[in-house]
Each structure stands twice: as C-alpha cells, then as structure tokens.
Amino acid sequence: MAQARTALVIGGGIGGPIAAMALQKAGIGSTVYEAYDGAADGVGGGLTVASNGQFALDAIDAADVVRDIGTPLAGIELRTWNGRTLGEFGTLPGLPASQFVWRSDLYRALYDEAARRGIRIRHGKRLVDATETGDAVTAVFADGTSASADVLIGADGIRSTVRSLIDPQAPGPSYTGLISFGARVTGAGLPPTGGRMLMTFGKRAFFGHVVFDDGTTAWFANLPRREPMTLAEARAVPAEAWRTTLRDAFAGDRCPAVELLDRTDPADLIITGPSENMPVVPVWSRGRMVLTGDSAHAASSSSGQGASLAAESAVELARCLRDRPYAEAFAAYERLRRDRVEKIIVEAGKTNANKAPGPVGRVVRDLLLPVVFKLSKPEKTAWQYDHRIDWASPV
C-alpha cells in the first residue's frame, strides 16, 4: 500500500488551514475545500491558544502567526458572585503563556499564512458525498463538481459531513446546557486586570472578562438554559433582548457584567449560541477518509483547548501520513490522539457542570472549590499544557 501524496481537506475554518500546512511540511500536497462562499472574517468571539497548541504550531513553523496577533494571559482567577476568590492558577513554570486571540483574527491570520505558503482554499464547495476507488477518494460537492486525491481529511467541525460519511451512525454534538455570548468593549473605564482572566461564578450565570493595558475589554458569558437552542434560534432573538436577559442574570453579582453589558452596543454583541461538545466518536476513519479537529473530538469552550487540540491532531495526522501507508497512518494517529483528547473533554464537562449547578449546588461548589485548589498541585495539569510533538521522530 503506497503512502499518501495528495489530500483533500474538507473545512476551511481554524483546523483546515493548519492541517494543510502540516501536510505540506510532510511532503503531501492538499487543497482546502470550504462550504461557505466567502471567508469567515468577523465571525466568532475570543479564545485562547494554550502552550500545547503553540508547541504544535511550532512544529510546522506557524506559532508566530498566533503570537503576532495574540495577547499573553498571565493566568485565571475564579471568583464567587460576591467577589470572594475561589482560586487562581497561572502559567506553569517553563511554559509559554496562553495567547488570547479573537477567532476572526486567528482565522484571517491562518488563512493568509496558508495562502502565503501556496495552499489553495476553494470556497462554495459544500461536500455531499465521497466515493472510493482502488487508488483514490473522490469528493462530490453540492455545485456538481468533484475532486480526487489519495486521502480525504474531515476538518469540517462539530457538525461534520465527513463524520457521517465515515459512519452514518456516528453521534452528533451534545448540548451542555449553556448559551454563550461575548463582546469586545473599548473605553469601558475599567482598570487593567494584569493579564489575568477574571471568571465569576454568578448566582444565575457565569461571567469572564479581561481588561488589557490599552483599556480594551473582552468579556464572555455562559447563560444556563434547560431547553436546547440552535445557533440560528439564538441569533434570531434581538441582541437587545439578550442584553436584558443577561443583565437580569447578573443583577446583584459583584462583577462588572452589568456595567460591561451597558457599554456593549447591541450590534457588537457576539451570540455564539449553544455550548456543545462531542460524545465519544467511535469511528475516526474508514478507507481513505479520516477525521481531525472538532469533527473527531470537540471539547466545549470551557476547556480552553479547542483550537490547541485541533492543531495537535492536524500535526500528528500529517506526521503519521508522512511515515506510513494511509491505513497504518490512520490507526497510528488514533492511537496517539484518542485517549488524550477524550480525557480533556471529560475535564471540560466537569467545568460546565460547575457553571450551572442550581442554588444548592452553587453553595456546595463555593465551599468545595477553595479546598480543591489548596490541595491541587499545578504539576497535575502539566499533562494538558506541556505536550510537545517531536516532528522529526519517525512514527
């Protein structure tokens, strides 16, 4: 069985360009196919690229793309609704600080870097089917066109079409019980937070904010909601109505949520919609098709690891395809990745549960978390953040 030398990358978001750049470094040519007609500029809220994500990007000479647009975060402080500190954690010794970036900036930076490296990204190519012959896989798009290569890589997100083609019985995303929002506010008049993200477990919702040295403030909120709501349904609600709902949710909490909501223009409110993660995806590959990033292992935003895990998986997949025939490469890739990503998804699920525990659960959480932080040792989290990929090592 010959090793792959060409690939179709389905999905042009964050993971797709990273996968294409990793494949290029592995000597595998690829084209990225994006369903939407235009680029995703201006879409999405803030996120962090952790040290492990930066290490993965370093392996393909792309980490400076993040550092050039990001702002280092010194750490995170967790607080109760009345301002009491529950715990703090910062960057582990010897590791680079997490970089805060706006998703739209990260998307554009990766898109431009892939183009600079000569990688083609084709828009308006919504995948509807894929067929295999003895020596190739052919993607069929909604516009009637098709494309063939040695392998097809699904980097098409949490609602992956490739996942359903690989396994029609594959699970879909799971709602975490939270609707998410955010915004960028200038001139809020709040003092800088010293590079720390301040996170507040409010009485009725969860709030996070960071004030940078230039006064710009980034905030996000997770609003518990029992009934699931699609992104389209959430965005159909007027932004002013959501602002009113969020103001009510944070009324009485000793954090700047209400003040920042008042200073947020409704037009600038980012409605990111339902917070979701993926149940265990039992089948990552079939024949010449394989999944990577959120299509295989979407951790909720509470993990702070979505982009970083996508980068890791893209790099490991390329490394495996560099060194092994595709069937062996897919198996090796899954062995390298599955246990790690599923463990991180479980940890993120615990965080989500703490954000919406109910009145009694809130009291128990606020009593127990300080004890947990006092007893916990930073090195116990090193497995998440001090994860490095040895690109030169053979698979």
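The shown structure was predicted, so the numbers you read here are calculated from the model rather than taken from an experiment.
In this structure, Glu240 places its CD atom where more than 12 heavy-atom neighbours from other residues, nucleotides or ligands lie under 6.0 Å away.
Between Asp262 and Arg247 a salt bridge is recorded (basic side-chain N to carboxylate O distance below 4.0 Å). Salt bridge status for Asp61 with Lys25: present, with a side-chain N to carboxylate O gap under 4.0 Å. For the pair Arg159 and Glu276, the salt-bridge criterion is met [side-chain N within less than 4.0 Å of a carboxylate O]. Looking at Asp112 and Arg108, a side-chain N of the basic residue comes within less than 4.0 Å of a carboxylate O on the acidic one, giving a salt bridge. Between Asp143 and Lys125 there is a salt bridge, since at least one side-chain N of the basic residue sits less than 4.0 Å from a carboxylate O of the acidic one. With respect to the salt-bridge test (charged N to carboxylate O, under 4.0 angstrom), the residues Arg340 and Glu312 qualify. Asp58 has a carboxylate O that lies under 4.0 Å from a charged side-chain N of Arg67, or vice versa, which qualifies the two as a salt bridge. Under 4.0 Å is where a charged nitrogen must lie from a carboxylate oxygen, and between Glu227 and Arg225 no such pair does. Between Arg337 and Glu316 there is no salt bridge, since no side-chain N of the basic residue sits under 4.0 Å from a carboxylate O of the acidic one.
When the side chains of ILVMFWY residues are joined at heavy-atom separations under 4.5 Å, either directly or via intervening members, Phe212 and Leu190 end up in two distinct hydrophobic clusters. Linking ILVMFWY residues whenever their side-chain heavy atoms come closer than 4.5 Å, directly or via other members, places Val185 and Leu269 in the same cluster. By the rule that hydrophobic residues join a cluster once side-chain heavy atoms approach within less than 4.5 Å of another member, Val210 and Phe181 end up as members of separate clusters. A continuous path of hydrophobic side-chain contacts links Ile166 to Val281 [ILVMFWY only; heavy atoms under 4.5 Å]. Val395 and Ile153 end up in different hydrophobic clusters when Ile, Leu, Val, Met, Phe, Trp and Tyr side chains are linked at under 4.5 Å.
Because its NZ or CZ atom is not both nearer than 6.0 Å to the ring centre of Tyr333 and within 45° of the ring axis, Arg324 does not count as a cation-pi partner of that residue. Annotation: cation-pi pair Arg388/Phe55 present, NZ/CZ under 6.0 Å from the ring centroid and within 45° of its normal.
Between Ala183 and Ile270, the closest heavy-atom pair is CA-CD1, 4.2 Å. Pro17 approaches Ala114 most closely through the heavy-atom pair CB-CB, 4.2 Å. For Pro224 against Arg204, the heavy-atom pair with the smallest separation is CD-O, 3.2 Å. Gln3 and Pro325 make their closest contact through CG-N, 3.5 Å (heavy atoms, listed as atom of the first residue, atom of the second, distance). For the residue pair Ala50 and Tyr385, the shortest heavy atom distance occurs at CB-CD2, 3.9 Å. When all heavy atoms of Glu34 and Gly13 are compared, the closest pair comes out as OE1-N, 3.9 Å.
Distance check, rounded to the nearest 0.5 Å: OG1 of Thr48 to CD1 of Ile76 gives 7.0 Å. Residue Thr85 holds its OG1 atom at 4.0 Å from CD of Glu77, rounded to the nearest 0.5 Å. The distance from the CE atom of Met21 to the CD atom of Glu113 is 6.0 Å, given to the nearest 0.5 Å. Going from atom OG of Ser51 over to atom CG of Leu92 covers 7.0 Å, rounded to the nearest 0.5 Å. Between Leu165 atom CG and Leu127 atom CG the span is 5.5 Å, to the nearest 0.5 Å. With values rounded to the nearest 0.5 angstrom, Ile28 atom CD1 is found 4.5 Å from Leu321 atom CG.
A donor-acceptor pair is defined here as one N or O able to donate and one able to accept, closer than 3.5 Å; such a pair exists between the side chain of Ser164 and the backbone of Thr161. Not one N or O on the side chain of Thr200 forms a donor-acceptor pair closer than 3.5 Å with the backbone of Gly202. The backbone N or O of Gly273 sits nowhere less than 3.5 Å from a side-chain atom of Arg235 that would complete a donor-acceptor pair. Side-chain N or O atoms of Arg338 include one that pairs as donor or acceptor with a backbone N or O of Pro282 at under 3.5 Å.
Centroid-to-centroid, the aromatic rings of Trp102 and Phe100 come within less than 6.0 Å. Taking the six-membered ring for Trp and the full ring otherwise, the centers of Phe207 and Trp219 sit less than 6.0 Å from each other. If you look at Phe141 and Tyr33, their ring centroids are closer than 6.0 Å. Aromatic ring centres of Phe201 and Trp81 lie farther apart than the 6.0 Å criterion allows.
Residues Arg319 and Asp390 form no side-chain contact, since every pair of their non-hydrogen atoms from C-beta on lies 4.5 Å or further apart. Contact of the Lys203 side chain with the Phe250 side chain is not registered, since no non-hydrogen atoms from C-beta on lie closer than 4.5 Å. Between Asp386 and Asn52, every side-chain heavy-atom pair lies at or beyond the 4.5 Å cut-off. Using a 4.5 Å cut-off on side-chain heavy atoms (C-beta onward), Leu178 and Leu223 make no contact. No side-chain heavy atom of Asp268 sits under 4.5 Å from any side-chain heavy atom of Arg184. Between Arg288 and Asp150, some side-chain heavy-atom pair lies under the 4.5 Å cut-off. At least one side-chain heavy atom of Arg117 sits under 4.5 Å from a side-chain heavy atom of Gln24. Looking only at side-chain heavy atoms (C-beta outward), Thr217 and Leu260 come within less than 4.5 Å of each other.
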Verdict with supporting geometry, Leu95 and Gln54, side chain to side chain contact (heavy atoms under 4.5 Å, CB included): CA-CA 10 Å; Leu95 297 182; Gln54 295 172 54; over 6 Å; no
Derivation and outcome, side chain to side chain contact (heavy atoms under 4.5 Å, CB included), residues Leu110 and Ile18: CA-CA 7 Å; Leu110 291 170; Ile18 295 174; 4.0 Å; yes
Chi angles and distances behind the side chain to side chain contact (heavy atoms under 4.5 Å, CB included) call for Arg322, Trp391: CA-CA 10 Å; Arg322 177 196 65 191; Trp391 177 265; 3.4 Å; yes
Verdict with reasoning, Phe220 to Met199, per side chain to side chain contact (heavy atoms under 4.5 Å, CB included): CA-CA 9 Å; Phe220 71 91; Met199 297 186 176; 4.0 Å; yes
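Side-chain atoms of Gln99 and Thr71 form no donor-acceptor pair, as typed in the model, at a separation below 3.5 Å. A donor-acceptor contact under 3.5 angstrom links the side chains of Thr176 and Ser275, judged on distance only.
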